Amino acid sequence: MVTTVSPRDLEERALGATVRRDSWWAAPAAVGAGLTAFGIYSFWAAWVNQNYEWGPYLSPFYSPLFKPSWWPLSPAFLILGAPLGFRGTCYYYRKAYYRAFFLDPVACGVGEIPHNYQGERQLFLFQNLHRFFMYLAVIFIGILGWDAILSFIWPVNGVLPGGEMAPGPREFGVGVGSLVLTVNVVLLAGFTFGCHALRHAVGGNLDCVSCARFGRQRYALWRGVTRLNERHMFWAWISLFWVGFADLYVRLVAAGIITDIRIL
Ligand code: FES
(Lines give C-alpha, C1' and ligand atoms only; values in the text may rest on other atoms or scores of the structure.)
Protein backbone atom coordinates (compact mmCIF):
# COMPACT_ATOMS: atom_id res chain seq x y z
CA MET A 1 0.00 0.00 0.00
CA VAL A 2 1.38 3.41 -0.94
CA THR A 3 1.13 6.01 1.81
CA THR A 4 0.59 9.57 0.62
CA VAL A 5 2.43 12.20 2.61
CA SER A 6 0.98 15.67 2.44
CA PRO A 7 3.00 18.85 3.11
CA ARG A 8 1.15 19.11 6.39
CA ASP A 9 2.63 15.76 7.45
CA LEU A 10 6.08 17.23 7.00
CA GLU A 11 5.52 20.07 9.41
CA GLU A 12 7.16 19.76 12.78
CA ARG A 13 5.15 17.29 14.80
CA ALA A 14 4.80 16.34 18.42
CA LEU A 15 7.19 13.82 19.91
CA GLY A 16 6.61 10.39 18.37
CA ALA A 17 4.06 11.55 15.77
CA THR A 18 4.74 9.97 12.40
CA VAL A 19 3.23 8.43 9.29
CA ARG A 20 5.80 5.64 9.37
CA ARG A 21 4.33 2.17 9.74
CA ASP A 22 7.55 0.26 10.43
CA SER A 23 9.08 -0.48 13.85
CA TRP A 24 11.09 2.75 13.90
CA TRP A 25 11.28 2.64 17.70
CA ALA A 26 13.11 -0.72 17.77
CA ALA A 27 16.60 0.61 16.92
CA PRO A 28 16.66 3.46 19.48
CA ALA A 29 15.19 1.14 22.12
CA ALA A 30 17.86 -1.50 21.45
CA VAL A 31 20.62 1.14 21.47
CA GLY A 32 19.33 2.56 24.76
CA ALA A 33 19.18 -0.90 26.36
CA GLY A 34 22.62 -1.90 25.07
CA LEU A 35 24.40 1.27 26.14
CA THR A 36 22.68 1.29 29.53
CA ALA A 37 23.62 -2.35 30.20
CA PHE A 38 27.22 -1.73 29.16
CA GLY A 39 27.41 1.46 31.22
CA ILE A 40 26.15 -0.25 34.38
CA TYR A 41 28.45 -3.24 33.93
CA SER A 42 31.56 -1.21 33.17
CA PHE A 43 30.95 1.17 36.10
CA TRP A 44 30.59 -1.80 38.45
CA ALA A 45 33.66 -3.56 37.00
CA ALA A 46 35.70 -0.39 37.43
CA TRP A 47 34.36 0.27 40.93
CA VAL A 48 35.14 -3.16 42.46
CA ASN A 49 38.88 -2.81 41.77
CA GLN A 50 39.66 -6.52 42.07
CA ASN A 51 39.80 -9.74 40.03
CA TYR A 52 41.15 -7.94 36.98
CA GLU A 53 44.26 -10.03 36.44
CA TRP A 54 45.09 -13.69 36.49
CA GLY A 55 48.27 -15.36 35.29
CA PRO A 56 49.24 -13.71 31.99
CA TYR A 57 45.78 -12.13 31.58
CA LEU A 58 44.85 -8.54 32.30
CA SER A 59 41.37 -7.08 31.91
CA PRO A 60 41.24 -4.34 29.23
CA PHE A 61 39.41 -2.15 31.76
CA TYR A 62 42.56 -2.05 33.91
CA SER A 63 45.16 -1.69 31.16
CA PRO A 64 47.74 -0.17 31.33
CA LEU A 65 48.24 -1.58 34.80
CA PHE A 66 49.11 1.16 37.26
CA LYS A 67 48.08 2.07 40.80
CA PRO A 68 48.88 5.71 41.59
CA SER A 69 49.17 6.45 45.31
CA TRP A 70 47.50 9.89 44.92
CA TRP A 71 44.31 8.42 43.45
CA PRO A 72 41.86 7.12 46.10
CA LEU A 73 39.53 5.22 43.74
CA SER A 74 39.98 2.36 41.32
CA PRO A 75 42.59 3.12 38.61
CA ALA A 76 40.05 1.89 36.06
CA PHE A 77 38.26 5.22 36.41
CA LEU A 78 41.40 6.99 35.19
CA ILE A 79 41.93 4.52 32.35
CA LEU A 80 38.36 4.36 31.09
CA GLY A 81 38.20 8.12 30.54
CA ALA A 82 40.01 7.75 27.21
CA PRO A 83 37.85 5.01 25.63
CA LEU A 84 34.73 6.61 27.08
CA GLY A 85 35.67 9.96 25.53
CA PHE A 86 36.46 8.25 22.23
CA ARG A 87 33.15 6.42 22.05
CA GLY A 88 31.14 9.27 23.54
CA THR A 89 32.33 11.67 20.83
CA CYS A 90 32.22 9.11 17.98
CA TYR A 91 30.05 10.30 15.08
CA TYR A 92 28.14 7.03 14.98
CA TYR A 93 27.54 6.84 18.73
CA ARG A 94 26.39 10.46 18.78
CA LYS A 95 23.66 9.66 16.33
CA ALA A 96 22.76 6.52 18.27
CA TYR A 97 22.55 8.02 21.75
CA TYR A 98 21.02 11.33 20.67
CA ARG A 99 18.18 9.22 19.33
CA ALA A 100 18.00 6.72 22.19
CA PHE A 101 18.44 9.02 25.19
CA PHE A 102 17.58 12.53 24.05
CA LEU A 103 14.94 11.54 21.44
CA ASP A 104 16.51 14.27 19.35
CA PRO A 105 15.34 13.18 16.84
CA VAL A 106 14.15 9.75 17.91
CA ALA A 107 14.14 8.50 14.29
CA CYS A 108 13.93 9.81 10.73
CA GLY A 109 10.48 11.16 9.89
CA VAL A 110 9.30 10.98 13.51
CA GLY A 111 8.34 14.03 15.53
CA GLU A 112 10.71 15.30 18.21
CA ILE A 113 10.40 17.78 21.05
CA PRO A 114 10.08 21.17 19.30
CA HIS A 115 13.17 23.28 19.86
CA ASN A 116 15.66 25.40 17.98
CA TYR A 117 18.82 23.53 17.18
CA GLN A 118 21.75 25.88 17.70
CA GLY A 119 24.68 23.63 17.01
CA GLU A 120 26.85 21.87 19.53
CA ARG A 121 27.39 24.45 22.20
CA GLN A 122 28.16 24.53 25.92
CA LEU A 123 28.66 20.98 27.15
CA PHE A 124 28.43 19.61 23.59
CA LEU A 125 31.54 21.55 22.61
CA PHE A 126 33.24 18.53 24.14
CA GLN A 127 32.25 16.59 21.00
CA ASN A 128 34.83 18.55 19.04
CA LEU A 129 37.59 16.74 20.91
CA HIS A 130 36.97 13.54 18.99
CA ARG A 131 40.13 13.76 16.92
CA PHE A 132 42.26 13.99 20.07
CA PHE A 133 40.50 11.02 21.66
CA MET A 134 41.22 9.17 18.42
CA TYR A 135 44.95 9.69 18.92
CA LEU A 136 44.62 8.31 22.46
CA ALA A 137 42.60 5.36 21.18
CA VAL A 138 45.35 4.46 18.71
CA ILE A 139 47.82 4.39 21.62
CA PHE A 140 45.43 2.11 23.52
CA ILE A 141 45.41 -0.31 20.58
CA GLY A 142 49.17 -0.61 21.03
CA ILE A 143 48.82 -1.16 24.79
CA LEU A 144 46.09 -3.78 24.44
CA GLY A 145 48.01 -5.44 21.61
CA TRP A 146 50.98 -5.77 23.96
CA ASP A 147 48.68 -7.29 26.61
CA ALA A 148 47.45 -9.79 24.03
CA ILE A 149 51.05 -10.79 23.25
CA LEU A 150 51.84 -11.18 26.97
CA SER A 151 48.82 -13.44 27.36
CA PHE A 152 50.73 -16.07 25.36
CA ILE A 153 53.72 -16.04 27.72
CA TRP A 154 53.18 -18.45 30.61
CA PRO A 155 55.25 -19.41 33.63
CA VAL A 156 56.76 -22.88 33.23
CA ASN A 157 55.88 -23.53 36.87
CA GLY A 158 52.25 -22.59 36.38
CA VAL A 159 49.95 -19.99 37.89
CA LEU A 160 49.81 -19.79 41.69
CA PRO A 161 46.49 -20.24 43.53
CA GLY A 162 46.13 -16.46 44.00
CA GLY A 163 46.49 -15.89 40.25
CA GLU A 164 50.12 -14.69 40.35
CA MET A 165 52.63 -16.02 37.86
CA ALA A 166 54.99 -18.55 39.49
CA PRO A 167 58.62 -17.40 39.54
CA GLY A 168 61.00 -19.02 37.11
CA PRO A 169 61.32 -19.37 33.36
CA ARG A 170 58.58 -18.56 30.88
CA GLU A 171 57.26 -20.42 27.85
CA PHE A 172 54.88 -19.93 24.97
CA GLY A 173 51.35 -21.13 25.69
CA VAL A 174 47.79 -20.58 24.59
CA GLY A 175 44.81 -20.44 26.88
CA VAL A 176 41.22 -19.58 26.03
CA GLY A 177 41.86 -16.20 27.65
CA SER A 178 44.77 -15.59 25.23
CA LEU A 179 42.31 -15.92 22.36
CA VAL A 180 39.70 -13.76 24.11
CA LEU A 181 42.21 -10.93 24.62
CA THR A 182 43.54 -11.24 21.07
CA VAL A 183 40.09 -11.08 19.50
CA ASN A 184 39.42 -8.09 21.76
CA VAL A 185 42.26 -5.99 20.37
CA VAL A 186 41.45 -7.02 16.79
CA LEU A 187 37.84 -5.86 17.17
CA LEU A 188 38.87 -2.66 18.91
CA ALA A 189 41.33 -2.00 16.08
CA GLY A 190 38.52 -2.54 13.56
CA PHE A 191 36.52 0.13 15.35
CA THR A 192 39.40 2.56 15.92
CA PHE A 193 40.93 2.32 12.44
CA GLY A 194 37.54 2.92 10.83
CA CYS A 195 37.10 6.25 12.63
CA HIS A 196 35.80 9.14 10.51
CA ALA A 197 38.37 11.50 12.03
CA LEU A 198 41.22 9.10 11.22
CA ARG A 199 39.90 8.77 7.66
CA HIS A 200 40.05 12.53 7.33
CA ALA A 201 43.52 12.71 8.89
CA VAL A 202 45.12 10.10 6.62
CA GLY A 203 43.72 11.29 3.30
CA GLY A 204 40.29 12.81 3.49
CA ASN A 205 41.72 16.30 3.81
CA LEU A 206 43.53 16.16 0.45
CA ASP A 207 42.15 17.84 -2.67
CA CYS A 208 44.75 16.22 -4.90
CA VAL A 209 46.15 12.89 -3.78
CA SER A 210 48.72 12.56 -6.59
CA CYS A 211 50.09 16.06 -5.81
CA ALA A 212 50.62 15.39 -2.10
CA ARG A 213 53.77 14.06 -0.45
CA PHE A 214 53.41 10.33 0.14
CA GLY A 215 50.17 10.60 -1.82
CA ARG A 216 50.19 6.97 -2.95
CA GLN A 217 50.72 5.69 0.58
CA ARG A 218 48.09 8.03 1.99
CA TYR A 219 45.62 6.92 -0.63
CA ALA A 220 46.23 3.27 0.31
CA LEU A 221 45.72 4.12 3.98
CA TRP A 222 42.58 6.10 3.19
CA ARG A 223 41.15 3.17 1.26
CA GLY A 224 41.88 0.82 4.15
CA VAL A 225 40.24 3.13 6.68
CA THR A 226 37.31 3.62 4.32
CA ARG A 227 36.65 -0.11 4.13
CA LEU A 228 36.42 -0.31 7.91
CA ASN A 229 34.50 2.96 8.05
CA GLU A 230 31.77 1.56 5.80
CA ARG A 231 30.83 -0.84 8.61
CA HIS A 232 31.63 1.46 11.51
CA MET A 233 28.39 0.67 13.33
CA PHE A 234 29.15 -3.06 13.20
CA TRP A 235 32.64 -2.53 14.60
CA ALA A 236 31.29 -0.16 17.25
CA TRP A 237 28.90 -2.74 18.67
CA ILE A 238 30.94 -5.91 18.29
CA SER A 239 33.97 -4.28 19.92
CA LEU A 240 31.85 -2.84 22.73
CA PHE A 241 30.33 -6.23 23.45
CA TRP A 242 33.65 -8.03 23.30
CA VAL A 243 35.60 -5.64 25.51
CA GLY A 244 32.95 -6.18 28.21
CA PHE A 245 33.12 -9.92 27.62
CA ALA A 246 36.94 -9.90 27.86
CA ASP A 247 36.75 -8.15 31.24
CA LEU A 248 34.11 -10.60 32.40
CA TYR A 249 36.17 -13.59 31.27
CA VAL A 250 39.29 -12.48 33.16
CA ARG A 251 37.14 -11.58 36.17
CA LEU A 252 35.44 -14.98 36.34
CA VAL A 253 38.76 -16.82 36.01
CA ALA A 254 40.42 -14.64 38.65
CA ALA A 255 37.49 -15.14 41.03
CA GLY A 256 37.71 -18.91 40.57
CA ILE A 257 34.19 -19.13 39.16
CA ILE A 258 35.38 -20.66 35.89
CA THR A 259 38.61 -22.41 34.95
CA ASP A 260 40.69 -21.20 32.04
CA ILE A 261 41.48 -24.01 29.61
CA ARG A 262 45.07 -24.24 28.45
CA ILE A 263 45.00 -25.23 24.79
CA LEU A 264 48.77 -25.42 24.19
FE1 FES B 1 33.44 6.67 15.41
FE2 FES B 1 35.69 8.21 15.23
S3 FES B 1 33.82 8.47 14.25
S4 FES B 1 35.34 6.37 16.35
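In what follows, residues are counted from 1 in the order of the sequence shown. Read the numbers this way: they start at 1 and go in the same order the structure lists the ligands and their atoms. Since this is a predicted model, take the numbers as computed values, not measurements.
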Q. Is the closest heavy atom of Phe191 to ligand 1 under 4.0 Å?
A. yes
Q) Should you measure from each heavy atom of His232, which atoms of ligand 1 turn up under 4.0 Å away? A) 1 (Fe), 3 (S), 4 (S)
Q | From His196, Met134, His130 - option closest to atom 2 (Fe) of ligand 1 by heavy atom | A | His130
Q) Counting N and O atoms only, with roles assigned by atom type, does the side chain of Arg218 sit under 3.5 Å from a partner on the main chain of Ala201, one being a donor and the other an acceptor? A) yes
Q: Find all atoms of ligand 1 within a distance of less than 4.0 Å from any non-hydrogen atom belonging to Cys90, and give their numbers and elements.
A: 1 (Fe), 3 (S), 4 (S)
Q. On the ring face of Tyr92, is Arg87 found with NZ or CZ under 6.0 Å from the centre and within 45° of the axis?
A. no
Q: Just say parallel, tilted or perpendicular for the rings of His196 and Tyr91, cut-offs at 30° and 60°.
A: tilted
Q. Within less than 2.8 Å of atom 2 (Fe) of ligand 1, any N, O or S from Cys195?
A. yes
Q) For the side chain of Arg170 and the backbone of Gly168, is there at least one donor-acceptor N/O pair under 3.5 Å apart? A) yes
Q: Indicate yes or no: does Arg223 engage Glu230 in a salt bridge with an N to O separation below 4.0 Å.
A: no
